[in-house]
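A quick write-up on the structure given underneath.
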Amino acid sequence: MIEMKDLRAGYPGRTVLERVSLDFRPGEVLAILGPNGCGKSTLLRTANGLLPKTGGEVLMDGVPLTRFTAREIARMVAYLPQSRAVPSITAERMVLHGRFPYLSYPRRYGREDRELVKKALDRVGAGDLARRSLPELSGGQRQKVYLALALAQDTPVILMDEPTTYLDVSCQMEVMDLARRLAEEGRAVVMVLHDLTLALRYAHRAALLHEGRVRRVGTPEELCAGTDLEEVMGVSLGRIETEDGRRYFYR
């Protein structure tokens, strides 16, 4: 589990996060919500050590994150950023990068590495893209490959920054279903999302950020019942019960 206590973080001359206390729990999908510029991406980057904190604590299973090496962190936390470079390599080769934390130099992939990569590509519905070059793929197809890369890293914590970007509605739902299954396997899955209805439908909990602070943390039902979402995001949500569960909609 990752736990943040009174976390402060940002960039030279600019503090983005202030006194953030939040935990990423095994077996749970946590949605990070909030307007643009509120610190959602900064939160993910600080939680896995890519951005140094300027105050407070980030703990991994009770141990300060600063005590771990970059390779050790990469074996515990997979991070899917909002955007990535598009090198001229095959999808399979890209997903093999997820195995880097487990290999010494020079990198030599074994049978287990290649099996994990195949399994990851199949799991996101991209098995047929393995031999295709990344520049040839559509934005949605590339996003599936990057998701497979995160899965191939085989970590107990997965952080995703806008993972449904470029995906059509059916693919968005596939990604969210996958997130729930990963949580059911005991992983902590944290997703920055802009689609509130999608986030509240699939998340176990949601954290609402506003101006660098956590405004509210709770279940989707708790956030929808309160006034914080409307005050921070400027929208009002309703909910209905269907045969497939509770659904949220913009009013």
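Residue R181 places its CZ atom among more than 12 non-hydrogen atoms of other residues, nucleotides or ligands, all under 6.0 Å distant. Atom CD of E112 has 12 or fewer neighbouring heavy atoms from other residues, nucleotides or ligands inside a 6.0 Å radius.
Between V214 and L209 the shortest side-chain heavy-atom distance falls below 4.5 Å. Using a 4.5 Å heavy-atom threshold, the side chains of L7 and R19 count as separate. When side chains are defined from C-beta on, F24 does not count as touching V189, because their heavy atoms never get closer than 4.5 Å. Between H204 and R25 there is no side-chain heavy-atom pair separated by less than 4.5 Å. Inter-residue side-chain proximity for S21 and M4 is flagged as unmet; no heavy-atom pair is nearer than 4.5 Å. Side-chain contact between L129 and L137: present, with at least one pair of heavy atoms (C-beta onward) separated by less than 4.5 Å. Taking 4.5 Å as the limit, some side-chain heavy atom of L237 sits within range of a side-chain heavy atom of L229. Using a 4.5 Å heavy-atom cutoff, the side chains of E221 and R239 are in contact.
At a threshold of 4.5 Å between side-chain heavy atoms, the hydrophobic network of Ile, Leu, Val, Met, Phe, Trp and Tyr places L59 and V20 in two separate groups. Using a 4.5 Å cut-off between side-chain heavy atoms of Ile, Leu, Val, Met, Phe, Trp and Tyr, with links allowed through other members, Y79 and V175 fall into different hydrophobic clusters. No continuous path of hydrophobic side-chain contacts links V77 to L182 [ILVMFWY only; heavy atoms under 4.5 Å]. In the hydrophobic clustering of ILVMFWY residues, with side-chain heavy atoms under 4.5 Å counting as a link, V192 and V190 come out together. V58 and L30 fall within the same hydrophobic cluster, where Ile, Leu, Val, Met, Phe, Trp and Tyr residues are linked whenever their side-chain heavy atoms come under 4.5 Å apart, directly or through other members.
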Open item on the list: For R205 and D23: C-alpha separation, side-chain torsions, deciding distance, then whether salt bridge (charged side-chain N to carboxylate O under 4.0 Å, His left out) applies.
Closed with: CA-CA 11 Å; R205 283 190 308 149; D23 56 4; 3.1 Å; yes
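If you check the side chains of N36 and H194, you find a donor sitting under 3.5 Å from an acceptor.
Taking both residues in full, the closest heavy atoms of V217 and A207 are given as CG2-CB, 4.0 Å, listed atom of the first, atom of the second, then distance. Here the closest non-hydrogen pair linking V157 and I2 is CG1-CD1, 4.0 Å. Listed here is the closest heavy atom pair of S88 and P135: OG-CG, 3.8 Å. Residues V95 and V145 share a closest heavy-atom pair of CG2-O, 3.6 Å. Here the shortest heavy-atom pairing between Y202 and V29 reads O-CB, 4.2 Å. Nearest heavy atoms, A74 versus Q153: O-NE2, 2.7 Å.
A salt bridge links R215 and E231; the closest N-O separation between the charged side-chain nitrogens and carboxylate oxygens is under 4.0 Å. Note on D6 versus K53: no salt bridge recorded, every NZ/NE/NH1/NH2 to OD/OE distance being 4.0 Å or above.
Contacts of K5 classified as salt bridge (charged side-chain N to carboxylate O under 4.0 Å, His left out), with partners at least two apart in sequence or in another chain: none. Under the ring pair (Phe, Tyr, Trp, His ring centres under 6.0 Å) criterion, H97 pairs with F100, not counting sequence neighbours.
Screening residues 78-101 for salt bridge (charged side-chain N to carboxylate O under 4.0 Å, His left out) gives E92-R131, R99-D113 as the qualifying pairs, with residues at least two apart or on separate chains.
Rounded to the nearest 0.5 Å, atoms CG (L65) and CE (M76) are 6.5 Å apart.
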